[in-house]
Protein chains: 2
Amino acid sequence: MGDEFCSCDIVHENVIEMVKKKMPQEEKLYDLAELFKVFGDTTRVKIISALFEAELCVCDIAELLHMTQSAISHQLRVLRQARLVKHRKEGKVVFYSLDDEHIKNIFNQGLKHILEPRGFEYALQ
Amino acid sequence: MGDEFCSCDIVHENVIEMVKKKMPQEEKLYDLAELFKVFGDTTRVKIISALFEAELCVCDIAELLHMTQSAISHQLRVLRQARLVKHRKEGKVVFYSLDDEHIKNIFNQGLKHILEPRGFEYALQ
DNA sequence: TTAACATATGAGCAATTGTTCATATGAACA
DNA sequence: TGTTCATATGAACAATTGCTCATATGTTAA
């Protein structure tokens with residue numbers, strides 16, 4: 001028994017079967033990773049964080065983050081495609097804002113983890 | 001006024017100042033991005049998802065995900081360093097489990113976003 | 001229409017990342 | 001002690017990513 005993927009013999013087959021049955025579909029987990037990937041960049045996190053406070057145009061964000069308009073525009077595209085921001089045009093100016101109530105929750109849960117005091121065992125790592 | 005970062009003149013200075021004051025420290029946002037980066041990989045998401053169901057040894061995970069022991073071990077290292085999993089040794093075997101109550105919340109909030117029906121405007125993108 | 005401007009986008013490049021392969025570590029047992 | 005086995009780790013390589021630069025798009029005003 002056991003695939004070629006692990007050389008070991010002590011695989012706990014019954015536990016594996018149980019876990020396999022309970023796990024979400026592969027596709028959902030893939031999408032989930034794709035979503036978190038979007039949150040996994042400092043620039044994008046900053047943009048999201050800024051949009052919590054106010055609707056902003058591309059130039060505002062560029063100015064705020066001290067980055068080029070192009071760089072911001074590229075990242076806004078990623079955020080748009082992930083359905084995290086929406087935009088509203090007013091003449092030449094495009095205003096961006098957050099598009100989802102879940103975003104703040106995801107964000108805050110993440111912050112809770114970050115701010116949690118580190119246990120003893122981790123001080124050693 | 002305005003830095004060299006954005007060529008535009010219509011920057012909303014007052015809004016920018018307000019947002020700048022309200023935003024979390026740069027360092028916290030960096031750490032947050034680092035955390036989400038860990039969630040932003042299919043293999044790691046699968047590992048976390050599996051550990052929701054049961055404590056597993058490295059070989060179990062490798063078998064479950066049809067991946068090599070080495071690949072899994074490398075990823076467990078990343079998860080350990082992000083304080084997302086903890087390990088327990090029993091002889092030669094190392095059992096991994098989740099290390100944080102927040103993880104499930106982050107995960108579930110992400111799933112809510114994924115599962116949300118897409119709005120009309122996004123069908124066009 | 002033409003000029004000016006706000007934003008979007010494609011190509012290119014450097015930096016980062018995830019896997020594989022080979023090997024090291026460290027525990028159990030003969 | 002030496003062997004076996006479960007896991008960890010370093011180097012190398014391919015794939016991905018985020019930025020820059022140049023330019024395209026689309027809107028406003030002269």
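These numbers were taken from a predicted model, which means no experiment stands behind them.
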[X] [atom1] - [N] [atom2] separation (whole Å):
{"X": "B/L79", "N": "C/dT17", "atom1": "CG", "atom2": "C1'", "result": "14 Å"}
{"X": "A/Y30", "N": "D/dT16", "atom1": "OH", "atom2": "C1'", "result": "11 Å"}
{"X": "A/L56", "N": "C/dT7", "atom1": "CG", "atom2": "C1'", "result": "15 Å"}
{"X": "A/L76", "N": "C/dT7", "atom1": "CG", "atom2": "C1'", "result": "10 Å"}
{"X": "B/I61", "N": "D/dT7", "atom1": "CD1", "atom2": "P", "result": "9 Å"}
{"X": "B/R77", "N": "C/dG18", "atom1": "CZ", "atom2": "P", "result": "13 Å"}
{"X": "B/F39", "N": "C/dG18", "atom1": "CZ", "atom2": "P", "result": "14 Å"}
{"X": "B/E63", "N": "D/dA6", "atom1": "CD", "atom2": "C1'", "result": "14 Å"}

Flag the pair [X] / [Y] as yes when at least one side-chain heavy-atom distance between them is below 4.5 Å, and no otherwise.
{"X": "A/R83", "Y": "A/D100", "value": "no"}
{"X": "A/V58", "Y": "A/L76", "value": "yes"}
{"X": "B/V38", "Y": "B/Q81", "value": "no"}
{"X": "A/V85", "Y": "A/L51", "value": "yes"}
{"X": "B/L56", "Y": "B/I47", "value": "no"}

Closest non-hydrogen atom pair, A/V93 against A/C57: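 Looks like CG1-CB, 3.4 Å.
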
Strand partner of C/dA30, provided both Watson-Crick or wobble distances fall under 3.5 Å: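 Pairing partner: D/dT1.
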
Sugar-phosphate, base or nothing in reach of A/Y96, heavy atoms under 4.0 Å: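 It contacts sugar-phosphate atoms only.
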
Per-nucleotide protein contact string for nucleotides 25-30 of chain C, where B marks a base within reach and S marks sugar-phosphate only (heavy atoms under 4.0 Å, - for neither): -BBS--

Annotated protein contacts, base or backbone, on nucleotides 17-22 of chain D with a non-hydrogen cut-off under 4.0 Å, one of B, S, - each: SSSBBB

Test of ring centre spacing under 6.0 Å for A/F39 and B/H113: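 Not under 6.0 Å, so no.
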
salt_bridge(A/K21, B/E53) N-O dist < 4.0 Å: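 Salt bridge flag = no for B/E53 with A/K21.
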
Test ring pair (Phe, Tyr, Trp, His ring centres under 6.0 Å) applied to B/F52 - qualifying residues, sequence neighbours left out: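 For B/F52 the ring pair (Phe, Tyr, Trp, His ring centres under 6.0 Å) partners, ignoring immediate neighbours, are B/F107.
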
